[in-house]
Amino acid sequence: MQTSGTLHIVATPIGNLGDLSPRALDTLRTVAAICAEDTRHTRQLLAHFGLERPLLALHQHNEEQQAAQLVARLQAGESLALVSDAGTPLVSDPGFRLVRAARAAGIRVSPVPGACAAIAALSVAGLASDRFSFEGFLPAKGAARRERLTRLAAEPQTLLFYESSHRIEETLDDMVNVFGFERRAVLARELTKLFETVLDGSLGELAARVKADPNQRKGEFVVMVEGAGDDADAKVVEGLRLYAKLKEHLPPSTAAKVAAELSGAPRKALYGSGD
Ligand code: SAM
């Protein structure tokens, strides 16, 4: 009877090539082929380590069709690896459909763990890490982004977001408006790379810092926001929600006064937000 191969899910570095583990190298060296999000990018990574393996493109646009063929190869006894451009596959990256198809076919799917930007960021943030939720990328459009943030505003656990240099400024502004100026946050930029920076402070301070310094807008980011810990935070979140709504019909000062009365939040935490 034919024995199936294994699908290895291999994490690659998020910047520093020294983070590719010896086991990841061994696995990549021995599989029949490597499924990669961007084959050119992965070819360069392999070349750095003196490896040359057959590469197959697997990205969000072809994953559904490719999965069946890849599962057939695995069933025929070949072992394959899946990598993404950086970090752990499937974490805001392709792979979920392939893994699901392989598991459904009874194929062994085995992880070769390594770098993941979210976990690396959390490990240096100094925010509560006993509970956290990974929120990936926020919607690109402003209204959808603010709506998503509003739904998260009262969550008590640490919130983790991925963000790119294009939108970091807008995202921080929206976070200040929805979560409040004072909510504690940490911004991890370019982890493991030359310009690695980890900034912490209130959301308002971080937004101002990023606005003031163009260098702080360059590169790749993980934004981490402290959960809505206590009653005071919850009141501000509710107050901001009411203020945003009331402002559509009332002068801002009256809207802030009414929202403060209804929510129990201090008026000064509401007035002017989002204006
Ligand atoms: N699969 C990857 C992982 O395990 O982290 C994430 C892929 S996702 C398409 C890319 C996003 O991850 C970037 O936009 C950024 O938010 C985050 N990221 C990746 N590398 C990073 C780094 N070195 N420092 C900070 N954030 C990073």
Side-chain angles (χ1 to χ4, degrees), residues 7-21 23-24 27-28 34-42 44-45 48 57-63 81-99 109 111-127 129 132-141 145 148-149 152 158-172 174-175 185-200 203 206-207 209-210 213 215-225:
L7 175 61
H8 301 275
I9 309 300
V10 181
T12 57
I14 56 169
N16 189 322
L17 296 183
D19 291 337
L20 190 71
S21 74
R23 197 161 83 84
T27 306
L28 295 176
I34 300 170
C35 308
E37 193 184 357
D38 176 343
T39 51
R40 274 183 313 176
H41 182 97
T42 299
Q44 278 176 9
L45 177 77
H48 178 88
L58 188 89
H59 41 72
Q60 55 171 351
H61 305 295
N62 73 353
E63 189 178 345
L82 170 70
V83 299
S84 57
D85 285 354
T88 300
L90 281 84
V91 179
S92 290
D93 266 337
F96 145 73
R97 291 179 184 82
L98 174 61
V99 168
V109 183
V112 181
C116 173
I119 300 301
L122 186 67
S123 74
V124 295
L127 293 172
S129 52
F132 61 91
S133 68
F134 174 67
E135 298 295 331
F137 288 99
L138 286 162
K141 298 244 165 67
R145 187 169 57 235
R148 174 83 56 86
L149 290 172
L152 292 170
T158 298
L159 303 170
L160 271 61
F161 303 89
Y162 279 166
E163 195 48 277
S164 71
S165 53
H166 311 113
R167 274 196 287 272
I168 188 66
E169 221 180 321
E170 290 168 53
T171 290
L172 287 172
D174 284 343
M175 286 177 170
V186 179
L187 194 57
R189 182 175 77 93
E190 294 288 86
L191 293 173
T192 78
K193 302 187 206 176
L194 189 59
F195 295 108
E196 176 179 288
T197 318
V198 180
L199 301 177
D200 60 34
L203 270 171
L206 291 181
R209 183 99 187 255
V210 166
D213 180 357
N215 284 326
Q216 296 302 336
R217 298 199 284 273
K218 291 185 185 151
E220 301 190 281
F221 298 85
V222 182
V223 186
M224 292 161 284
V225 182

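Each residue takes its place number in the sequence, starting with 1. Atoms within each ligand, like the ligands themselves, are counted from 1 in listed order.
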Residues passing the salt bridge (charged side-chain N to carboxylate O under 4.0 Å, His left out) test with Glu37, sequence neighbours excluded, are none
Okay, side chain of Arg189, backbone of Phe221: is any donor-acceptor separation there less than 3.5 Å? no
side-chain contact (heavy atoms from CB on, under 4.5 Å) assessment of Leu187 paired with Leu172: CA-CA 10 Å; Leu187 194 57; Leu172 287 172; 4.2 Å; yes
For Arg23, the side chain to side chain donor-acceptor pair (under 3.5 Å) test, sequence neighbours excluded, returns none
Using the side chain to side chain contact (heavy atoms under 4.5 Å, CB included) criterion, which residues pair with Ala24? Sequence neighbours excluded. Val10, Leu20, Ser21, Val112
First-shell residues of ligand 1 [heavy atom, distance under 4.0 Å]: Ile14, Ala86, Gly87, Thr88, Val91, Ser92, Asp93, Cys116, Ala117, Phe137, Tyr162, Glu163, Ala188, Glu190, Leu191, Lys193, Glu220, Phe221, Val222
So with a 6.0 Å cut-off around CZ of Phe137, is the heavy-atom count from everything else above 12? yes
